[in-house]
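Written out below as structure tokens is the structure these notes cover.
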Amino acid sequence: MQSKDQKFYKERFAKLEVEQLEELIRQDCLADGSLLNTEQTLAILEIIEERRPSGVGEAEIDAAWDSFQAHYLPLVETNEALYDNKTSRTKATRRRFVLPRLSWVAAILAVFILSSSLFAYQVYGYNVWENIAKWTSEIFQLKTPVTPNGDAGEGMFPDAADPRLQPLYEAMKELEIPTTLAPTCIPERFEGPGIIETSHAPFKGVINGFILEQETLMLSFDYNTNADSMYEKDDSPVTSLRINGVTYYFMSNNAQNRVVWSVDQYECSINGTVTYEELEQMVLSIYER
Amino acid sequence: MRKSKLYSMVLVALLLSLTFSPQMATAAEIPLRASDYIDVFRASAQPIGYGLVRIDFQIAGTSVMNQLGASEIQIKEKTGASWTTVRTYRHESYPDLMGQNVLRHTGSITFPGIAGRTYVAHITFYAANTKGSETQVITTSSVTAY
């Protein structure tokens with residue numbers, strides 16, 4: 001309900017154009033709110049909304065107000081600034097003036113190096129376009145596109161043949177991750193049932209860990225997200241194995257070996273104090289049902 | 001004369017690239033830095049409306065870790081050509097950033113930013129057990145709050 005003053009101001013400000021009213025608001029902001037009082041401000045905003053409707057509905061206004069109360073107002077109540085007082089500036093990028101001739105050469109050089117790298121990859125048997133994975137000597141990164149979560153059909157959730165893996169299979173079923181992705185057996189020395197940890201959106205998945213005194217085996221199955229996974233690795237080369245259209249990447253991280261693969265919208269990995277041969281056996285067991 | 005000089009430079013570049021292509025095909029040589037404590041980590045930043053930016057992360061250890069998570073998250077705002085740290089979240093003040101005795105830890109923070117401004121999150125991951133600890137740093141892709 002409008003106050004008497006607000007009605008009075010509205011009649012006065014109604015003579016101004018919208019641009020003039022917006023300029024008044026802007027000047028008031030720059031003057032830290034000292035130009036206009038509350039009634040004047042509300043009157044101006046009402047006139048602007050009547051002449052140029054924002055199209056924002058009541059529900060959205062309520063949601064924005066709730067968000068403000070939850071995330072911004074507590075800062076005011078605790079006398080906290082939106083930004084920390086001490087800010088540190090990282091090094092600014094410098095602009096360099098490069099002679100046009102040198103930049104031409106640099107561009108051409110870069111194109112030739114890139115194309116020759118791709119050629120070399122093909123020569124060595126890596127199909128770079130097929131497997132969108134990249135690595136350096138210390139990080140392996142699996143980049144996969146996010147696809148909609150479609151319904152998994154029947155037959156995608158067989159039970160575990162190995163009782164040690166049953167808790168993992170149960171957790172995968174609850175998260176609607178096909179158990180056909182998981183191995184059917186693991187090395188005998190890892191006694192069950194192991195540790196099960198599940199997580200939900202945005203990083204929905206399960207990890208199953210078998211922890212012995214000196215040995216570890218972990219199996220993880222996750223939904224892909226827009227966050228790329230960074231796997232720590234040592235400088236041993238990454239090798240790959242292709243089975244049924246799926247590429248399995250083998251690598252080592254100091255005392256542990258790991259295999260990583262991606263199928264549809266799922267990212268999977270097995271790592272631990274296991275040999276490459278044991279990892280390969282677990283991978284092959286996926287197809288033995 | 002100028003054109004022939006450019007052509008000869010291009011030819012040199014071509015010969016150089018063919019000479020070094022086997023090396024180009026292998027991994028770039030970067031100092032050894034594997035981890036006895038961290039297996040894999042991931043993080044993302046996403047604007048969620050009303051000026052808010054949500055930072056999500058997950059880290060898995062190489063085994064059960066006594067402490068596993070993010071020790072610090074710095075929010076940086078783009079100012080011109082540089083990035084300025086505008087807010088820092090430390091696990092001492094935000095205990096949910098760190099998990100105890102877990103294989104994997106997932107966490108998030110919602111940063112109250114300003115619509116129209118661009119932010120990144122600089123996350124320091126931390127993993128520790130009785131034998132020692134290790135950190136790893138990652139920066140998310142930049143996002144613009146709306």
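Please read these numbers as outputs of a predicted model, since none were measured by experiment. Here is the naming used below: chain letters follow the sequence lines, and residue numbers restart at 1 for every chain.
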Item to check | Nearest-0.5 Å distance that lies between atom OG in B:Ser141 and atom CG in A:Asp228 | outcome: 7.5 Å
Checklist outcome for this item: Interatomic distance, OG@B:Ser63 vs CD@A:Glu215, rounded to 0.5 Å, equals 11.5 Å
Checklist entry - Ignoring hydrogens and geometry, is there a side-chain-to-backbone donor-acceptor pair from A:Asn253 to B:Ser35 under 3.5 Å? => result yes
Checklist entry - So which of A:Leu82, A:Ile195, A:Ile211 has the largest heavy-atom pair count under 4.5 angstrom toward chain B? => result A:Leu82
Item to check | Nearest-0.5 Å distance, CG of residue A:Leu75 to CZ of residue B:Arg87 | outcome: 5.0 Å
Checklist entry - Under 3.5 Å, side chain of A:Tyr72 to main-chain N/O of B:Gly113, donor-acceptor pair present? => result yes
Next on the checklist: Around atom CD of A:Glu191, are there more than 12 heavy atoms from other residues, nucleotides or ligands closer than 6.0 Å?
Outcome noted: no
Checklist outcome for this item: Nearest heavy-atom contact between A:Ala227 and B:Ala43 is CB-O, 3.3 Å
Checklist entry - Just wondering, do A:Glu232 and B:Phe41 contact through their side chains at under 4.5 Å, heavy atoms? => result yes
Next on the checklist: At a 4.5 Å cut-off on heavy atoms, which part of A:Ala63 comes close to chain B: side chain, backbone, both, or neither?
Outcome noted: both
Checklist entry - With only heavy atoms counted, which part of A:Thr216 is less than 4.5 Å from chain B, the side chain, the backbone, both or neither? => result side chain
Item to check | Option that, when pairs with chain A are counted at under 4.5 Å, heavy atom only, ranks first among B:Leu52, B:Ile114, B:Thr88, B:Thr110 | outcome: B:Leu52
Item to check | Side-chain touch A:Ser229/B:Gln58, heavy atoms, less than 4.5 angstrom | outcome: no
Checklist outcome for this item: Applying a strict 4.5 Å limit to non-hydrogen atoms, the region of B:Ile59 in contact with chain A is neither
Checklist entry - Do the ring planes of A:Tyr83 and B:Phe111 sit parallel (below 30°), tilted (30 to 60°) or perpendicular (above 60°)? => result parallel
Item to check | Pairing of A:Lys233 and B:Asp39 as salt bridge, 4.0 angstrom limit | outcome: no
Item to check | Residue A:Gln69 excluded, over 12 heavy atoms near CD under 6.0 Å | outcome: yes
Next on the checklist: Could you check whether any side-chain heavy atom of B:Pro112 comes within less than 4.5 Å of a side-chain heavy atom of A:Phe68, counting everything from C-beta outward?
Outcome noted: no
Next on the checklist: Among B:Ile38, B:Thr106, B:Ile75, B:Ile138, which residue has the highest count of heavy-atom pairs closer than 4.5 Å to chain A?
Outcome noted: B:Ile38
Item to check | pair A:Glu267-B:Arg42: side-chain heavy atoms closer than 4.5 Å | outcome: yes
Item to check | Interchain contact, A:Glu60 with chain B, by part (heavy-atom threshold 4.5 Å) | outcome: both
Checklist entry - Between A:Glu197 (side chain) and B:Val102 (backbone), is there a donor-acceptor pair under 3.5 Å? => result no
Checklist entry - How far does CZ of B:Arg104 sit from OG of A:Ser220, to the nearest 0.5 angstrom? => result 5.5 Å
Item to check | Proximal component of A:Met218, with respect to chain B [non-hydrogen, under 4.5 Å] | outcome: side chain
Next on the checklist: Using heavy-atom distances under 4.5 Å, tell me whether B:Glu77 contacts chain A through its side chain, its backbone, both, or neither.
Outcome noted: side chain
Next on the checklist: Is A:Ile207 close to chain B through its backbone or its side chain, or both, or neither, when contacts mean heavy atoms under 4.5 Å?
Outcome noted: both
